[in-house]
Amino acid sequence: GAMIDPSTLTSFIEYCEENYEANRYDLIFWDHGGGSISGYGYDEKYPNAGSMDLAGIDEALTEAGVKFDFIGFDACLMATVENALMLSEHADYLIASEETEPGIGWYYTNWLNALSNNTSISTLALGQIICDDFVDKCNQDAYGQSATLSVVDLSEMESIVPSALSSFSYTTNNLIIEDYQTVAKARSGSREFSSDSYIDMVDMIDLSNRINSEEAQELTEVLKKAIKYNKTSRDMSNAYGLSIYFPYRSPYYLNDALSVYD
């Protein structure tokens, strides 16, 4: 079956758990990423199968029933608020990129050696190595391409972000009705990722800072607590570790987005 079929992912996880019993499990999605709406993956053998959306990933992980130290995305655009909140039941940490990833992807050698040399190394320390090496290698070997990678504490996401995000969304929605120009200006000035496409992902902290309401300031504070580590290339400003879907240029994908969010 197609690798973007949730049942394929479930069977892979179950096979590994049954045949390679361990105290710690990590899961890395390696391939294409399309942010909160498109989700993960593309299978060249099944080109019409599309991608696995966040609901599909959730279905696969729920069915497999394994709690991971971290779930990583060696893929573009998957360090999103929506992805982190969905994954909070399935892992302790999310390691992913806000921006598109240069083709070289993660550098695996050092962190796998560090884990091999000390199997009790903290997941956060491991995540920092992954982030540092990825951005360092991109600076060396993918000159001119931007790189971001962050480590997000998912239990903190789950416990402190939803209420702050709801308050921010509610007041911002009202602001759109009352003072559209303020929100539009904040959105247009915010750090956007994959800006040549209709992915419409913007950095959440940068956006909330620009809107600058009381609710926005509270959201910034809770997000900064949950984002434990964030590494970016030298040319990347205002990228703090998590993005959110905020359609701006075109409403073309909005109906698709609403079904994904449901």
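Here, residue 1 is the first one in the sequence, and each next residue gets the next number. Everything numeric here is computed off the predicted structure, so don't read it as measured data.
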Can you find a heavy atom in the side chain of [X] that is under 4.5 Å from one in the side chain of [Y]?
X    : Y    : answer
L242 : I205 : no
Y248 : S188 : yes
F29  : I71  : yes
I129 : N110 : yes
R191 : M236 : yes
R210 : N238 : yes
I95  : F134 : no
D58  : L54  : no

For the atom pair [atom1] ([X]) and [atom2] ([Y]), what is the distance rounded to the nearest 0.5 Å?
X    : Y    : atom1 : atom2 : value
F70  : T123 : CZ    : OG1   : 8.0 Å
T220 : L207 : OG1   : CG    : 9.0 Å
L9   : I4   : CG    : CD1   : 11.0 Å

Is it the case that more than 12 heavy atoms not belonging to [X] sit under 6.0 Å from its [atom1] atom?
X    : atom1 : value
Y108 : OH    : yes
N19  : CG    : yes
E63  : CD    : no
K67  : NZ    : yes
N255 : CG    : no

Using links of under 4.5 Å between side-chain heavy atoms of ILVMFWY residues, direct or through other members, which residues join Y15 in one cluster?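 Direct or chained contacts put Y15 with Y20.
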So D153 and S155, side-chain hydrogen bond (donor to acceptor under 3.5 Å, both in side chains) or not? Walk me through it. CA-CA 6 Å; D153 185 320; S155 65; 2.8 Å; yes
Could you tell me whether the side chains of N139 and S233 share a donor-acceptor contact shorter than 3.5 Å?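 No, no side-chain donor-acceptor contact under 3.5 Å.
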Y229: which residues meet the ring pair (Phe, Tyr, Trp, His ring centres under 6.0 Å) condition with it, sequence neighbours left out?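 Residues passing ring pair (Phe, Tyr, Trp, His ring centres under 6.0 Å) with Y229: none at all.
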Residues which pass ring pair (Phe, Tyr, Trp, His ring centres under 6.0 Å) with F193, listed by chain and number, not counting sequence neighbours: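 Not a single residue meets the ring pair (Phe, Tyr, Trp, His ring centres under 6.0 Å) criterion with F193.
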Distance-minimising heavy-atom pair for R187 and F246: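 Residues R187 and F246, closest heavy atoms: NE-O, 2.9 Å.
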Distance-minimising heavy-atom pair for L254 and P247: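 In terms of heavy atoms, the two residues are closest at CD1-CG, 3.8 Å.
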Can D92 and R24 be counted as an ion pair, charged N to O under 4.0 angstrom?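 No, no charged N to carboxylate O under 4.0 Å.
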Check this for me, if you would: do K228 and E156 make a salt bridge, where the nitrogen-to-carboxylate-oxygen distance has to be below 4.0 angstrom?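 Yes, this pair counts.
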Do any side-chain atoms of residues 38-46 form donor-acceptor pairs under 3.5 angstrom with protein atoms, and if so which ones, sequence neighbours left out?
from, atom 1, to, atom 2, distance (Å)
Y40, OH, W30, O, 3.1
D43, OD1, K45, N, 2.9
D43, OD2, M3, N, 2.9

Would you confirm whether S195, through its side chain, and E192, through its main-chain N or O, come within 3.5 Å as a donor-acceptor pair?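 Such a contact is absent between S195 side chain and E192 backbone.
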Donor-acceptor pairs are to be reported for all side-chain atoms of residues 164-171 against protein atoms at under 3.5 Å, with residues two or more places apart or in another chain.
from, atom 1, to, atom 2, distance (Å)
S166, OG, P162, O, 3.0
S167, OG, S163, O, 3.1
S169, OG, L165, O, 2.8
T171, OG1, S167, O, 3.0
T171, OG1, F168, O, 3.1

Give me the one residue out of T148, L126, L149 that meets side chain to side chain contact (heavy atoms under 4.5 Å, CB included) with C131.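 When T148, L126, L149 are each tested with C131, the side chain to side chain contact (heavy atoms under 4.5 Å, CB included) holds only for L149.
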Name the atoms and distances for all side-chain donor-acceptor pairs under 3.5 Å in residues 76-87, with sequence neighbours left out.
from, atom 1, to, atom 2, distance (Å)
T80, OG1, S36, OG, 2.9
T80, OG1, N83, N, 2.9
E82, OE1, S36, OG, 2.7
E82, OE2, Y245, N, 3.1
E82, OE2, Y261, OH, 2.1
N83, ND2, M78, O, 2.9

